[in-house]
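Note that the numbering runs from 1 along the sequence shown for the chain.
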Amino acid sequence: QVQLVESGGGLVQAGGSLSLSCVASGQTAGIFSMAWFRQGPGKEREFLASVGWRMGATYYAEAAKGRFTISRDKTKNTVYLQMNTLVPEDTAVYLCAVRMQTTYTDYSNRYDYWGQGTQVTVSS
């Protein structure tokens, strides 16, 4: 089992930035990759970015390229999402997820563990 706790969400004005964190605990030695997703009101869960736990390889959805940056600190068992130039459409619950199998994917149902999420609200 892996437990995930996100933090860093909040209310920000359009054009602002936020940095999200997700701390993993438990059986972290088996982690292959970690990812950030978001789910807006009435919307499906959307993949944003993933990072390989061992080598740090990163993958981004088109919606995240250029504005969002994923990174990880293995010594702290933490993955980050730096979000810049936020717009109201970025308003959502942001969730981190862990995948134990050794392939990359952007399908939410192929991730094994999830955090509770952190709310990000962008005002216009």
Side-chain angles (χ1 to χ4, degrees):
Q1 295 282 334
V2 176
Q3 295 77 43
L4 302 170
V5 178
E6 302 98 332
S7 62
L11 175 64
V12 63
Q13 288 189 331
S17 298
L18 278 177
S19 181
L20 307 182
S21 301
C22 175
V23 179
S25 60
Q27 297 179 342
T28 59
I31 294 175
F32 174 72
S33 66
M34 292 185 70
W36 284 98
F37 289 76
R38 68 184 178 187
Q39 189 161 16
K43 297 182 179 180
E44 293 186 355
R45 194 162 292 185
E46 176 187 19
F47 171 82
L48 294 173
S50 67
V51 60
W53 198 242
R54 181 182 176 191
M55 300 299 291
T58 57
Y59 299 88
Y60 292 92
E62 285 299 320
K65 287 181 181 178
R67 294 191 302 127
F68 295 178
T69 302
I70 191 170
S71 60
R72 94 281 188 245
D73 185 337
K74 291 195 296 183
T75 65
K76 298 180 179 180
N77 284 339
T78 301
V79 64
Y80 304 96
L81 186 68
Q82 176 65 40
M83 305 187 294
N84 299 323
T85 321
L86 288 163
V87 297
E89 291 72 25
D90 293 319
T91 295
V93 175
Y94 284 69
L95 307 104
C96 70
V98 158
R99 177 166 168 83
M100 308 300 271
Q101 295 185 49
T102 58
T103 56
Y104 292 99
T105 182
D106 56 2
Y107 288 97
S108 61
N109 61 2
R110 296 178 183 176
Y111 282 79
D112 301 291
Y113 301 101
W114 291 84
Q116 293 294 317
T118 185
Q119 176 70 46
V120 171
T121 303
V122 184
S123 63
S124 58

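Between Met100 and Val2, some side-chain heavy-atom pair lies under the 4.5 Å cut-off. For the pair Tyr113 and Gln1, the minimum side-chain heavy-atom distance is below 4.5 Å. Here the side chains of Ser108 and Trp114 are in contact, with some heavy-atom distance below 4.5 Å. By the 4.5 Å heavy-atom criterion applied to side chains, Ser17 and Gln82 are counted as neighbours. Counting heavy atoms from C-beta on, the side chains of Ser123 and Leu11 come closer than 4.5 Å. Looking at heavy atoms from C-beta onward, Arg99 lies in side-chain contact with Thr105 at the 4.5 angstrom threshold. Between Met83 and Thr69, every side-chain heavy-atom pair lies at or beyond the 4.5 Å cut-off. Annotation: side chain of Met34 is in contact with side chain of Leu4 (closest heavy-atom distance under 4.5 Å).
Less than 6.0 angstrom separates the ring centroid of Phe32 from the ring centroid of Tyr104.
For Glu6 against Gln116, the heavy-atom pair with the smallest separation is OE1-N, 3.1 Å. Across every non-hydrogen atom of Trp53 and Lys74, the tightest pair is O-CD, 2.9 Å. Between Val120 and Leu20, the closest heavy-atom pair is CG2-CD2, 4.1 Å. Minimum interatomic distance between Gln119 and Ala92 (heavy atoms only, all atoms of both residues): NE2-O, 3.4 Å.
No side-chain donor-acceptor contact under 3.5 Å links Arg45 to the backbone of Gln39. Judged by distance alone, the side chain of Ser50 and the main-chain N or O of Ala35 form no donor-acceptor pair under 3.5 Å.
The CG atom of Asn77 lies 8.0 Å from the OG atom of Ser25; values are rounded to the nearest 0.5 Å. Atom CD of residue Gln101 and atom OG of residue Ser33 lie 10.0 Å apart, to the nearest 0.5 angstrom.
In the hydrophobic clustering of ILVMFWY residues, with side-chain heavy atoms under 4.5 Å counting as a link, Trp36 and Phe47 come out apart. Residues Phe68 and Val122 share a single hydrophobic cluster, defined by chaining ILVMFWY side chains whose heavy atoms lie under 4.5 Å apart. Side-chain heavy atoms closer than 4.5 Å link hydrophobic residues (I, L, V, M, F, W, Y) into clusters, and following such links, possibly through other members, connects Tyr94 to Val12. Leu95 and Leu86 are not part of a single hydrophobic cluster, where members link through side-chain heavy atoms under 4.5 Å apart. In terms of hydrophobic clustering, with Ile, Leu, Val, Met, Phe, Trp and Tyr side chains grouped at heavy-atom distances under 4.5 Å, Ile31 and Val79 are assigned to a common cluster.
Side chains of Thr78 and Asp73: no donor on one and acceptor on the other come within 3.5 Å.
With Arg38 as reference, Glu46 is the one residue of Glu44, Glu46, Glu89 to meet the salt bridge (charged side-chain N to carboxylate O under 4.0 Å, His left out) rule.
The hydrophobic cluster containing Tyr107, built from Ile/Leu/Val/Met/Phe/Trp/Tyr side-chain heavy atoms closer than 4.5 Å, comprises no other residue.
Remark: Gln3 CD is packed, more than 12 non-hydrogen atoms of other residues, nucleotides or ligands lying under 6.0 Å away.
Between Phe37 and Tyr111, the ring-plane angle classifies as perpendicular under the 30° and 60° cut-offs.
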Begin from the C-alpha positions of Tyr60 and Leu48 and carry the test side-chain contact (heavy atoms from CB on, under 4.5 Å) through to its verdict.
-> CA-CA 6 Å; Tyr60 292 92; Leu48 294 173; over 6 Å; no
